[in-house]
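Presented below is the structure to which this report refers.
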Number of protein chains: 2
Amino acid sequence: MKVMPDSKAIPIPSPLHQACEPFACEQCGVYRLCLPLGLHGGDMTLLESVVKRKETYKRGQLLFRAGDRFDFIYAIRGGSVKTSVCTPDGRVQITGFHVAGELLGLSALASGEYSSEARALETTSVCLVEAERLDELAQKIPSLQYQMMKIMSGQIRQDEELMLLLGRRNAEERLAEYLIGLSRRFAARNFSPTQFNLSMSRGDIGNYLGIAEETVCRLLTRFQNAGLIATKRRQVSLIDLRQLEAVARMNPAA
Amino acid sequence: MKVMPDSKAIPIPSPLHQACEPFACEQCGVYRLCLPLGLHGGDMTLLESVVKRKETYKRGQLLFRAGDRFDFIYAIRGGSVKTSVCTPDGRVQITGFHVAGELLGLSALASGEYSSEARALETTSVCLVEAERLDELAQKIPSLQYQMMKIMSGQIRQDEELMLLLGRRNAEERLAEYLIGLSRRFAARNFSPTQFNLSMSRGDIGNYLGIAEETVCRLLTRFQNAGLIATKRRQVSLIDLRQLEAVARMNPAA
DNA sequence: AATGTATTTTGATCTACATCAATGGTTACT
DNA sequence: AGTAACCATTGATGTAGATCAAAATACATT
């Protein structure tokens, strides 16, 4: 089993795709999680034709900002990205951490401008998909339309879960749930579900979960003392996933 | 300017639509906020043909539950509905209050079953749109596909806002924002933006906003004492919208 | 109209978590 | 290599809002 590369490594599947080659969705390690799922032969080639270009961002670089004109859906090939929104007075809420195979910018379709900002957490490679042409193409390829709807629907569902998390769960449950969620997503990408590297800071995690950075630290320490996990800086091992799930779901504090 | 009907009134546009007549989107007071937006003549007739049936629910009745098989998108004609999700141990989070022109069940597309439950808050009339046939139709009518995407995108954006609310704003800001949001939505439906009837209880509001029922009451009292609003039971008047917005957005507690 | 039930409101108390503060460990930059 | 900036951790203290409790009001049912 592969282990999640740490942020020093450049997480691009293979040097082949670095070249000016076409975008070869089929060669991309995560196409089954991405737009091309369910597409075949010629249709996939068509989809590749609306991929304007591929870009890589370094840690801290912006992919887009709230208010920017909406031209592209971003599909992550490798690396990770955080998205956030903010209040007029400057408070920031991170709305998601995104990894390979996930799409960014879906909320921009409604208004024609991005409503959130997206920033690379590590070296990150993305496909820029022309929104307008994707729309046209979806009209021609039923299974592409279906896949897009499914992805958006999935996003809505995921947001429902996050609301439940933010509204009804205590800090301990939130963090446990967070670690489990990461684990699942890594597993779906053939990374180890029990050993991985966090590309985001404690502060980012806390912001996302609606708790303070210090609380994240204290809870990680508590989980570690209870033998549920081991941490060394941003490297995390989930030792007792079963019990971690118990903390996330059935906390007696309920 | 019309005033929001209270929960005793039956909020159906006109007796005409009660009959077994076709579904006449064009006659529906909210079609501009709903799926048919952007559709013309024949296309609208086609859309009407995938409206399986129209139903009304009384206060407290379930439209669907989490886990039910996903067959229909529900479009609200009149009345209001709350949607909620819950933890395995029974805690509930209300994820939205929905009024005329809004769609329910969008998050079910991804998995084929509803992920949330929907319950009428007052007598409510809905169109049941066959999900599968709607999908097919969207392939034939580009502007319908576009409108569906736009609606889903809008939902995602709205959820981002709610996360910001739940994660970063204090109780006072949440409630002020909530009242303003209601006001806007009523305005878009040609109801008074300053005088309306809440179809949900204080407990529901608190649940949705992630605060206790008692806190909702205390804050409403505080707003009232400050001359921002007047309340009498579930009847609310927004007296100083400007200042209410100030509370929602620029609270110095930030 | 009367009775039972649910909702709203207000007050008193408690607590989970935020905030403030200080230190050591890592990483980035020149 | 050295230094600046950042990030993680732990402790001490404060507080927004939860929870508990109880009364007042409205609504539903007969």
Side-chain angles (χ1 to χ4, degrees), chain A residues 6-9 58-61 82 91 93-94 119-123 165-176 197-225 229-236 247 251-254, chain B residues 6-9 58-60 82 91 93 119 121-123 165-176 178 197-225 229-236 247 251-254:
Chain A
D6 69 38
S7 37
K8 278 176 222 154
K58 294 213 192 100
R59 190 161 80 87
Q61 282 190 314
K82 67 174 170 181
R91 277 170 291 174
Q93 170 73 36
I94 293 174
R119 195 180 289 273
L121 286 166
E122 61 191 310
T123 303
L165 193 87
L166 290 173
R168 299 261 83 75
R169 291 163 109 119
N170 67 27
E172 195 172 58
E173 295 171 295
R174 291 182 202 193
L175 188 59
N197 200 277
L198 301 172
S199 58
M200 70 295 292
S201 70
R202 304 287 196 265
D204 280 348
I205 296 172
N207 182 297
Y208 177 64
L209 298 176
I211 58 187
E213 184 177 349
E214 294 92 327
T215 304
V216 174
C217 282
R218 281 184 248 270
L219 288 172
L220 286 176
T221 306
R222 198 193 299 174
F223 288 168
Q224 185 148 13
N225 292 339
I229 66 170
T231 63
K232 194 189 170 195
R233 205 76 180 167
R234 291 192 180 185
Q235 188 67 35
V236 177
V247 171
N251 195 305
Chain B
D6 68 39
S7 38
K8 277 177 222 152
K58 295 213 192 97
R59 189 161 79 89
K82 66 174 170 181
R91 277 171 290 173
Q93 169 73 38
R119 196 180 289 273
L121 286 166
E122 60 191 311
T123 302
L165 194 88
L166 290 173
R168 298 259 84 75
R169 292 164 110 116
N170 67 26
E172 196 172 59
E173 294 171 295
R174 291 181 202 193
L175 188 59
Y178 178 70
N197 200 278
L198 301 171
S199 58
M200 70 296 293
S201 69
R202 305 286 195 264
D204 280 348
I205 295 172
N207 182 296
Y208 176 65
L209 298 176
I211 57 187
E213 184 176 350
E214 294 92 328
T215 305
V216 174
C217 282
R218 281 185 249 270
L219 287 172
L220 286 176
T221 306
R222 199 193 297 174
F223 289 167
Q224 185 147 13
N225 291 340
I229 65 170
T231 63
K232 195 187 169 198
R233 207 74 180 168
R234 292 192 179 183
Q235 189 68 34
V236 177
V247 171
N251 196 305

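Since the structure is predicted, the reported quantities are computational estimates derived from the model, not experimental observations. Quick note on labels: first sequence line is chain A, next is B, and so on, each numbered from 1.
Not counting sequence neighbours, A:R202 has no partner by the salt bridge (Lys or Arg N to Asp or Glu O under 4.0 Å) test. Applying the side-chain hydrogen bond (donor to acceptor under 3.5 Å, both in side chains) test to A:Q61 and every residue at least two apart in sequence or in another chain returns nothing. Applying the salt bridge (Lys or Arg N to Asp or Glu O under 4.0 Å) rule to A:R169 yields the partners A:E177; only residues at least two apart in sequence or on another chain are considered.
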Determine all donor-acceptor pairs shorter than 3.5 Å in which one atom belongs to a side chain in residues 207-222 of chain A; sequence neighbours excluded.
residue: A:N207; atom: OD1; partner: A:I94; partner atom: N; Å: 2.7
residue: A:N207; atom: OD1; partner: B:R168; partner atom: NH1; Å: 3.3
residue: A:N207; atom: ND2; partner: A:V92; partner atom: O; Å: 2.9
residue: A:T221; atom: OG1; partner: A:C217; partner atom: O; Å: 2.9
residue: A:R222; atom: NH1; partner: A:E172; partner atom: OE2; Å: 2.8

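Each of A:K232 and B:G203 was matched to the nucleotide of DNA chain C holding its nearest heavy atom; the match closer to the 5' end belongs to B:G203.
Although no hydrogens or angles enter the test, the distance criterion places no donor-acceptor pair under 3.5 Å between the side chain of A:R119 and the main chain of A:K82.
The minimum heavy-atom distance linking B:Q224 with B:A230 is given by the pair NE2-CA, 3.8 Å.
The shortest distance between the side-chain N/O atoms of B:R234 and the OP1/OP2 oxygens of D:dC27 is not below 4.0 Å. Proximity of A:T221 to the phosphate of D:dT10: a side-chain N or O atom is located under 4.0 Å from OP1 or OP2.
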*Assess whether side-chain contact (heavy atoms from CB on, under 4.5 Å) is satisfied between B:V247 and B:L175, documenting all intermediate values.*
CA-CA 9 Å; B:V247 171; B:L175 188 59; over 6 Å; no

*asked:* Across nucleotides 11-24 of chain D, 5' to 3', mark each nucleotide with B, S or - according to how protein heavy atoms within less than 4.0 Å reach it.
replied: BB----SSBB----

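If one axis is set at each end of the helix from C:dA1-D:dT30 to C:dT30-D:dA1 from five pairs, those axes are 70° apart, to 10°.
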